[in-house]
> 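Below you'll find the structure I mean.
Lettering follows sequence order; numbering is per chain, from 1.
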Number of protein chains: 2
Amino acid sequence: MASERLSQLDKALLGLRSLILSGHFDLNQRLPEVAVAKHLGTSRTPLRQAMDRLVAEGLLERIETGGCRVATFSKEDIADAIEFRGVVEGTAARMAAQRGGNPGLMAEARATLDRIDQALDPSQEIDFDRYVHENAKFHALLTRLAGSPLIEREVARMSRLPLASPSAFLSDQAMIPNFQDSLRFAQRQHRAILEAIAERDGARAEAMTREHARLALTNFNYITTHQPKLANPVPGLALVASE
Amino acid sequence: MASERLSQLDKALLGLRSLILSGHFDLNQRLPEVAVAKHLGTSRTPLRQAMDRLVAEGLLERIETGGCRVATFSKEDIADAIEFRGVVEGTAARMAAQRGGNPGLMAEARATLDRIDQALDPSQEIDFDRYVHENAKFHALLTRLAGSPLIEREVARMSRLPLASPSAFLSDQAMIPNFQDSLRFAQRQHRAILEAIAERDGARAEAMTREHARLALTNFNYITTHQPKLANPVPGLALVASE
DNA sequence: TGATGCGCAGTTGTATACAAGGTTTATCTT
DNA sequence: AAGATAAACCTTGTATACAACTGCGCATCA
């Protein structure tokens, strides 16, 4: 299959999002459309479409007088985003439990958790990349288990917010003390969530999923208070008001 | 103050949304940009911006080959949207309770509920318009009480979905049996929610707010099963697959 | 010297032109 | 007559031209 040629809009969208998250733009200053368009190698039309979408995503905010600027986030904003992602994922888990998870998806979820167990096998070194990959897959499956296109869409939306994704703090978790314990703890939560769904215990599934999201909050608090040297800085961290 | 002249984009957005919700377009058929643009009295550029936003809102969906068509919703979709709106509003209520509602907003909310009581005064005819207006205001205040811009934005987003807004089924509730009872019941829930927030009982505030949203579900089920003749059809009903 | 008004440059919002691709119709062949 | 192929038309995606507006700087006046 020949490589999909991506549209100008996708090029602008991916490029602009990455520029924003990497902190390429001055905060509190309007992005000049012509310059950015030239930088991305496209024209203003697809760029403005991309900007519209990023405004909807919350990464940009409109200026009353015209144009956009990069949005900044307070620590409270990030905490709320993480908490809210937990709420939405929790709703997915509850719905999955109430509606009885699709057997095929349930089997796939169990297999995914088995693979995470292997990645965390105490008898050898942790396979970090594999953990990250399978963790993302588990969360995606959890969302689909709800059987609601709306819920799936909304979880995806929330996960696009900076620092709110289930994988946001995994990129450099090696810098966090006891991160191996943290990953194993997370995996026990994964098991509990899936067990609750299998037993159709909606309340437990929802509560556990919310609690699981709070791990990200812990990581965020650690990073902002200790400000460790990060080899691969968490994308979006540049947008958090240091204050 | 001179009347704000609205931009071409706003004109296109409002006009297109209203055309869609009123069922003006054939479902399963692509909207022709030029024709719609001419109909709305604008050019293709702002119209396409509006279409982008309505895709993000979920009212339109993209066609693989290009362009958009009107989205249709199953009954399950609508039920999920209502339930999810309850979840998000419930989160707002819980946050308000946990964080201690801003006193000014709390006072305003109480005053709004007093006005709803007046609108429902049993000694005279129900002031329906006033109820609708103050009900919307109460829900807006509830959202702001959370003290989180993110939550406020997300509730607003959900309320824009067809049939998911707290006011969606009020437009013609007179057609629903015992609607006066229903309104009084809703008002008691309003009181309970505010009381829970005042007492910082987050769990109760959240549960009550979710339950409150389910009233809309009842109305929706009634309308879809009994299909009463509606004087002012609920906007968006045309998009629900009759099946 | 400070403040106010005017003008210019640069920016965004909107319209339109153009090109690539899809859809339909008509014609030709079997 | 039916199916396939080709051509013309229409539609969208993209670039660009244009106009209105904002913001800044400079000059002028009090």
> To the nearest angstrom, how far is A:K38 atom NZ from C:dT12 atom P?
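To the nearest whole Å, that distance equals 14 Å.
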> Heavy-atom count check: over 12 atoms from other residues, nucleotides or ligands less than 6.0 Å from A:R17 CZ?
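Buried by this count: over 12 neighbours within 6.0 Å.
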> Go nucleotide by nucleotide along DNA chain D from the 5' end; which of B:P32 and A:T65 gets its closest nucleotide reached first?
B:P32
> Please determine if a side-chain N or O atom of B:T42 lies less than 4.0 Å away from the OP1 or OP2 oxygen of C:dT14.
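No, B:T42 has no side-chain N/O under 4.0 Å of OP1/OP2 on C:dT14.
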> Between C:dT12 atom C1' and A:R69 atom CZ, what is the distance in whole Å?
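It works out to 15 Å between those atoms.
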> Checking only heavy atoms, does the side chain of A:T45 share a donor-acceptor pair with the base of D:dT16 at less than 3.5 Å?
yes
> Any side-chain donor paired with an acceptor under 3.5 Å for B:T218 and B:N221?
no
> More 5' along DNA chain C: B:R30 or A:R62, using each one's nearest nucleotide?
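Nearest-nucleotide comparison on DNA chain C picks A:R62.
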> Tell me if a side-chain donor or acceptor on B:R85 pairs with a main-chain N or O of B:S159 at a distance below 3.5 Å.
no
> Using whole Å, report how far CD of B:Q29 lies from P of C:dT24.
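Rounding to the nearest Å, CD of B:Q29 and P of C:dT24 are 10 Å apart.
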> Can you tell me how far C1' of C:dT11 sits from CE of A:M51, to the nearest Å?
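Computing the A:M51:CE to C:dT11:C1' distance gives 11 Å.
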> D:dT14 C1' sits how many Å from A:D10 CG, rounded?
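To the nearest whole Å, that distance equals 14 Å.
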> Whole angstroms only, please: what is the CG-P distance between A:L31 and C:dT12?
8 Å
> Using whole Å, report how far CD of B:E64 lies from C1' of D:dT12.
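So the two atoms are 14 Å apart, to the nearest Å.
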> In whole angstrom, what separates A:L47's CG from D:dT14's P?
12 Å
> For residues A:R94 and B:V87, determine if any side-chain heavy atom of one lies less than 4.5 Å from a side-chain heavy atom of the other.
yes
> Using heavy-atom distances to pick each residue's nearest nucleotide on DNA chain D, tell me which of A:R44 and B:E33 is more 5'.
B:E33
